[in-house]
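What follows is a set of notes on a single structure, which appears directly below.
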Amino acid sequence: MKKFDKLSLVMDLLGCPNRCKHCWLGHAPNPRLGPEDLRFAAGALRPFCRELVVYDWTREPDYGDDYREKWALCEELSTCGGRDHFELASLWRVARDESYAPWLKTVGVDVVQITLFGGEETTDWFTGRRGAYQDILTSVDRLLEAGIAPRVQAFVNKRNLGELPAVEDFVRRLSLEERCRDVGQEFRCFVHQGSCAGENRRFYPEWITPEDLERIPPYLMEKTLEHFGARTPQEVFGVTEAELCRELAEDSSVKSLGGGLTEAVLYMRADFTAYPNFGEPSLPAWGLGNLKSDGAEAILRNLTADRSPAQSARKNVPLKELARACGDPTSQRLFGREDYVEFLLNEYCGAM
């Protein structure tokens, strides 16, 4: 088969200390995989791409004590140097390892995203771990001491809408605007509902509706619009499901998600089942095959030929049929169009 220009292998070796209730990846048990597993997966994929990029985590970067060694291993297995660490870090580790934040700075990290859901009790509950909020407080100080700016994202639904003032209080109490300027960064924060996928799909009954936007504190809304480069809240939070259902009712289009790909990202679960990064690994319908039993070539052919049940559905089932089967034409829940199409497709595949 034709080689990909670039393949990214994202394989979770150790898992995550949290069980966040918004996690789109789902709550799989923490794996206990080793360097030899990552070497095997990278070696299997390397013949099918010109450039291979390898990551040893999906939910929580640098969770293991040997995070420096794992970083070096991924650099070794990747065909190009200078991998991006992204603006993500293990706050669990920042709070427990004083050398971690300075190390992040050495690998090019200038901003780290932190996630709040409200005050301490609510944030701990949504994160799925007691003490998560206190870890965030410790992490903010250590990140700033290392010259790294924290960026605050707040997930919102009807359950925690009333706690958003606690997020604003967090920002002001810790003087984040001023302290980020002191390390040469602009402070950024934003509120959003996230995609209705993975664990977050459980909050569909509590999804925000238009009147809820008025309850977002003005400061947080201003920062949100600034972050997304939006002029109106609707550009960030979307329109009602009812409106989207009416729009999609006239849409006969289908779409190939794998055809023509020259670059691809594969998530590899602990059992070596591969999923595309545009799918939901907690749904078997997105599975592309097992690396050990099916092989890399079969997985990549399944990807490009849309052979997973979810990709096949998107390629063959018109949007109007997805909306008719799984949409609620009376719902006032707010969605962006693409997020809503993804929600409908996952609902359709779940029903299958």
Side-chain angles (χ1 to χ4, degrees), residues 1-13 24-26 28 31 33-59 73-74 76-80 83-84 195 197-198 252-319 321-322 338 341-352:
M1 64 179 296
K2 183 179 178 181
K3 285 189 175 184
F4 286 82
D5 291 338
K6 181 178 179 180
L7 274 179
S8 295
L9 166 65
V10 186
M11 189 171 185
D12 196 0
L13 298 189
W24 74 276
L25 291 165
L33 301 176
E36 67 282 359
D37 298 302
L38 195 63
R39 287 185 183 278
F40 165 77
L45 291 171
R46 191 174 288 111
F48 300 97
C49 60
R50 295 182 177 86
E51 182 179 322
L52 179 68
V53 187
V54 179
Y55 296 93
D56 64 286
W57 60 276
T58 57
R59 292 171 288 171
L73 174 63
C74 290
E76 173 196 334
L77 296 177
S78 300
T79 58
C80 58
R83 291 181 310 121
D84 191 351
S195 61
S252 299
S253 67
V254 295
K255 183 179 181 180
S256 169
L257 299 176
L261 285 177
T262 59
E263 298 185 2
V265 179
L266 293 179
Y267 281 81
M268 197 74 63
R269 293 177 69 92
D271 65 355
F272 291 88
T273 301
Y275 294 80
N277 70 316
F278 51 75
E280 188 178 313
S282 59
L283 280 181
W286 286 101
L288 296 168
N290 187 279
L291 187 63
K292 288 197 168 181
S293 59
D294 301 315
E297 183 171 0
I299 285 172
L300 295 171
R301 288 193 186 279
N302 289 341
L303 171 66
T304 56
D306 294 308
R307 290 176 183 156
S308 73
Q311 288 177 244
S312 178
R314 186 66 183 92
K315 184 178 180 179
N316 295 293
V317 180
L319 283 177
E321 177 58 25
L322 294 179
E338 291 307 310
V341 169
E342 178 186 343
F343 167 74
L344 290 176
L345 179 59
N346 286 334
E347 288 291 290
Y348 186 86
C349 292
M352 289 168 53

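Small disclaimer: the values here were computed from a predicted structure and weren't measured.
Residues Pro31 and Ala270 share a closest heavy-atom pair of CB-CB, 3.5 Å. For Ser282 against Pro284, the heavy-atom pair with the smallest separation is O-CD, 3.6 Å. Summarising the geometry of Ala197 relative to Glu342, their closest heavy-atom pair is CB-OE2, 3.7 Å, with the distance given to 0.1 Å. Listed here is the closest heavy atom pair of Gly287 and Ser308: O-CB, 3.4 Å.
No donor-acceptor pair under 3.5 Å is formed between the side chain of Thr273 and the backbone N or O of Arg269. No donor-acceptor distance shorter than 3.5 angstrom exists from the side chain of Asp294 to the backbone of Ile299, with no hydrogens or angles considered.
One finds the CG atom of Leu257 at 7.5 Å from the CG atom of Leu345 (value rounded to the nearest 0.5 Å). Atom CG of Asn302 and atom OG of Ser312 lie 11.0 Å apart (nearest 0.5 Å). Atoms CG and OG, from Asp84 and Ser8 in turn, are 10.5 Å apart once rounded to the nearest 0.5 Å. In this structure, CH2 on Trp57 lies 12.0 Å from CG on Leu13, to the nearest 0.5 angstrom. Between atom OH of residue Tyr275 and atom OG1 of residue Thr58 there is a gap of 12.5 Å, rounded to the nearest 0.5 Å. Separating the CZ atom in Phe4 from the OG1 atom in Thr304 is a distance of 5.5 Å, to the nearest 0.5 Å.
When side chains are defined from C-beta on, Phe272 counts as touching Met11, because their heavy atoms get closer than 4.5 Å. Side-chain contact between Pro281 and Trp24 is present, with at least one heavy-atom pair separated by less than 4.5 Å. Residues Glu297 and Arg301 have side chains in contact (heavy-atom distance under 4.5 Å, counting atoms from C-beta outward). Within the 4.5 Å cutoff, the side chain of Asp56 has no heavy atoms near those of the Leu73 side chain. Side-chain contact check for Tyr267 versus Asp12: every heavy-atom pair is 4.5 Å or farther apart. Residues Glu280 and Cys349 are not in side-chain contact: their nearest non-hydrogen atoms beyond the backbone lie 4.5 Å or more apart. Residues Leu38 and Met268 form no side-chain contact, since every pair of their non-hydrogen atoms from C-beta on lies 4.5 Å or further apart.
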Distance-only check: which donor-acceptor pairs under 3.5 Å involve side-chain atoms of residues 41-54, not counting sequence neighbours?
{"unit_1": "Arg46", "atom_1": "NH2", "unit_2": "Leu77", "atom_2": "O", "d": "2.9"}
{"unit_1": "Arg50", "atom_1": "NH1", "unit_2": "Lys3", "atom_2": "O", "d": "3.4"}
{"unit_1": "Arg50", "atom_1": "NH1", "unit_2": "Asp5", "atom_2": "OD1", "d": "3.0"}

| field | Steps toward salt bridge (charged side-chain N to carboxylate O under 4.0 Å, His left out) verdict (Arg314, Asp306) | value | CA-CA 9 Å; Arg314 186 66 183 92; Asp306 294 308; over 6 Å; no
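Exactly one of Asn277, Val10, Leu288 qualifies for a side chain to side chain contact (heavy atoms under 4.5 Å, CB included) with Leu266. That residue is Leu288.
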